[in-house]
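Treat the numbers as computed from the prediction; the structure is a model and nothing was measured. As the structure lists them, so they are numbered: ligands from 1, and atoms in each ligand from 1.
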Amino acid sequence: MTAPDAAPSTSLSGGAPARATVDLDAIAGNVRTLREHAGDAGVMAVVKADGYGHGLLPSARAALAGGASWLGVAQLPEAMALREAGIDARVLSWLHVPGTDFAAAIGADVDLSVSATWALEEVAAAARTLGRTARIHLKVDTGLGRNGAYGADWPVLLDAARALEAEGAVRVVGVWSHFVYADAPDHPTVRLQQERFAEAVREAEKAGCDLEVRHLANSAATLTNPSAAFDLVRPGIAVYGLSPVPHLGDPASFGLTPAMTLTANLAVVKRVPAGQGVSYGHQYVTQRDTTLALVPVGYADGIPRNATNVGPVSVAGTRHTVSGRVCMDQFVVDVGPGAEVHPGDVAEIFGRGDAGGPTAEDWAQATGTISYEIVTRIGSRVPRVHVGGAR
Ligand SMILES: *Cc1c(COP(=O)(O)O)cnc(C)c1O
């Protein structure tokens, strides 16, 4: 998966027609930037969903090289993959269902989030079997209405956790929660959630919990709201150099560098006359004699199908728009009559945007989504080519 000295935008990776080049120095640098924003708080780099599509292990190592002290994942198999690769940093896993192999997690020294008494009981049972103490972070719902103990369930969870602490089965090392408005730092719910969080922490401490870390802030809060940092911030998207608040600032304005560049080599370049329909359903028809370029990535590779006639793409250095329907494996670009393009030339679907090329954010805006979805959906068929950094 890694090509140490790959020339990212031009070299083919094992014959694959497209590649996502991931700059690990950018990831490490972004974490350094986030550390500055975090003040005295530590950084838990969120590497769930295959490092937001950038590759779990290289992203995790780059984040640690940039100074992250924790890694965060949604699912236990993600945490186990980090451990199996020999990564021994603190790891928190937070989204579990009944029947999860908590014994494996405890055995691998993974911190576990607990939001409900069923999870507390299962984690404690696993710890007893192993004769070990599980480290847990109790999650409080401060208003998101998603995961976390809500309202009167919180003191119940605290009491149950304290009883298991007394027994030695668990140790409550963290209390944490998650914001509703990831992208609107001025929304009134932000302050309200912060107050509820502080109150939940006070209740936990009053119940006798000796907390190591209190954590609430995602990327947006880390970048825009220092008062939410507590002991640890949990940025995800910003680690990969994308702005969580694009209406407030682009990555560069926050000192972030987009880590992923998606490129493909043109498979076919051909002249067609005016009036030629392009791709399934002929949703695009040439207005003049022109040149069509075939870009070999499609919705199976994570190119949104609703990018039809709107997705931006840079072909041989000039910006164009997807022409006609995005197919499973490919789409077409009308590059105009005078274009000097050839099979094998590079199409940049998105990247840093510094040379006028499109960004993941441009794709998000063109297709009515967020940059998170653009990068995490890049398919497994697209090789990740990791460059730079400590691998
Ligand atoms: C994904 C996630 C994060 C990271 O969010 P970003 O907006 O990408 O910074 C933090 N905390 C939790 C609970 C998450 O699920």
Side-chain angles (χ1 to χ4, degrees), residues 27 30-31 33-35 37-38 41-54 56 59-60 63 66 68-76 78-79 90-96 111-116 119 136-150 174-185 187 189-190 193-194 197 200 213-226 228-249 251 254 256 258-260 360-361 364 369-377:
I27 292 179
N30 294 333
V31 173
T33 296
L34 289 160
R35 278 176 66 199
H37 282 280
V43 172
M44 174 189 289
V46 178
V47 294
K48 64 190 180 187
D50 199 29
Y52 286 47
H54 294 65
L56 173 69
S59 299
S69 45
W70 286 73
L71 299 170
V73 294
Q75 301 184 359
L76 189 52
E78 300 176 311
R90 293 288 287 276
V91 174
L92 174 65
S93 171
W94 58 67
L95 185 54
H96 312 116
D111 286 56
L112 293 164
S113 172
V114 165
S115 298
I136 62 173
H137 300 228
L138 296 178
K139 186 162 197 186
V140 57
D141 183 346
T142 51
L144 178 56
R146 198 177 72 176
N147 205 350
Y150 186 84
V175 166
W176 72 302
S177 191
H178 196 43
F179 279 121
V180 178
Y181 279 90
D183 52 356
H187 197 276
T189 58
V190 172
Q193 280 191 276
Q194 241 169 280
F197 183 67
V213 283
R214 292 142 273 247
H215 48 109
L216 177 61
N218 53 10
S219 293
T222 303
L223 294 173
T224 65
N225 180 6
F230 293 90
D231 304 309
L232 193 60
V233 295
R234 285 193 322 273
I237 197 73
V239 167
Y240 308 97
L242 299 173
S243 174
V245 282
H247 53 295
L248 297 181
F254 293 111
L256 302 171
M260 184 189 289
E361 181 58 36
T369 184
I370 54 178
S371 62
Y372 296 64
E373 190 176 358
I374 299 297
V375 290
T376 54
R377 282 199 164 187

Peer 1: Give the numbers and elements of all ligand 1 atoms closer than 4.0 Å to a heavy atom of Ile237.
Peer 2: 6 (P), 8 (O), 9 (O)

Peer 1: Which atoms of ligand 1 have any heavy atom of Pro235 under 4.0 Å away?
Peer 2: 9 (O)

Peer 1: So, taking the atom named OG in Ser219 and the one named CZ in Phe254, what distance separates them when rounded to the nearest 0.5 Å?
Peer 2: 10.5 Å

Peer 1: Can you confirm, on distance only, whether ligand 1 has an N/O atom lying under 3.5 Å from any N/O atom belonging to Ala220?
Peer 2: no

Peer 1: Determine, considering heavy atoms only, which of Trp176, Tyr52, Trp94 sits nearest to atom 5 (O) of ligand 1.
Peer 2: Tyr52

Peer 1: Looking at atom 9 (O) of ligand 1, what's its closest protein heavy atom, distance included?
Peer 2: Ser219 OG, 2.5 Å

Peer 1: Among Leu92, Leu71, Val239, Val233, whose side chain to side chain contact (heavy atoms under 4.5 Å, CB included) with Met44 holds?
Peer 2: Leu92

Peer 1: Decide yes or no on side-chain hydrogen bond (donor to acceptor under 3.5 Å, both in side chains) for Asp111 and His137, but give the supporting numbers first.
Peer 2: CA-CA 7 Å; Asp111 286 56; His137 300 228; 2.9 Å; yes

Peer 1: Test your reading of the structure: does Lys139 have an N or O sitting under 3.5 Å from an N or O of ligand 1?
Peer 2: no

Peer 1: Pull out every atom of ligand 1 sitting under 4.0 Å from any heavy atom of Tyr372, numbered as shown with elements.
Peer 2: 6 (P), 7 (O), 8 (O)

Peer 1: I need the Leu138 CG to Ser115 OG distance, nearest 0.5 Å.
Peer 2: 8.5 Å

Peer 1: For atom 10 (C) of ligand 1, what's the nearest protein heavy atom and its distance?
Peer 2: Arg234 O, 3.4 Å

Peer 1: Do me a favour and list the nearest non-hydrogen protein atom to atom 12 (C) of ligand 1 with residue, atom name and distance?
Peer 2: His178 CE1, 3.3 Å

Peer 1: Starting from atom 2 (C) of ligand 1, locate the nearest protein heavy atom and write down its residue, its atom name and how far away it is, to 0.1 Å.
Peer 2: Lys48 NZ, 2.5 Å

Peer 1: Enter the distance from Asp50:CG to Thr376:OG1 here, rounded to the nearest 0.5 Å.
Peer 2: 10.0 Å

Peer 1: Should Pro244 be listed as contacting ligand 1, given a heavy-atom distance under 4.0 Å as the test?
Peer 2: no

Peer 1: For the atom pair CH2 (Trp70) and CG (Leu232), what is the distance rounded to the nearest 0.5 Å?
Peer 2: 6.5 Å

Peer 1: When you compare ligand 1 with Gly236, is there at least one nitrogen or oxygen pair between them that comes in under 3.5 angstrom?
Peer 2: yes

Peer 1: Assign the ring pair Phe197 / Phe230 to parallel, tilted or perpendicular, where the plane angle (0 to 90°) is split at 30° and 60°.
Peer 2: perpendicular

Peer 1: Hey, which atoms in ligand 1 end up nearer than 4.0 Å to a heavy atom of Arg146?
Peer 2: 15 (O)

Peer 1: Report the distance from atom CD of Gln193 to atom CG of Leu216, rounding to the nearest 0.5 Å.
Peer 2: 7.0 Å

Peer 1: Got a second to check how far Leu76's CG is from Trp94's CH2, nearest 0.5 Å?
Peer 2: 13.0 Å

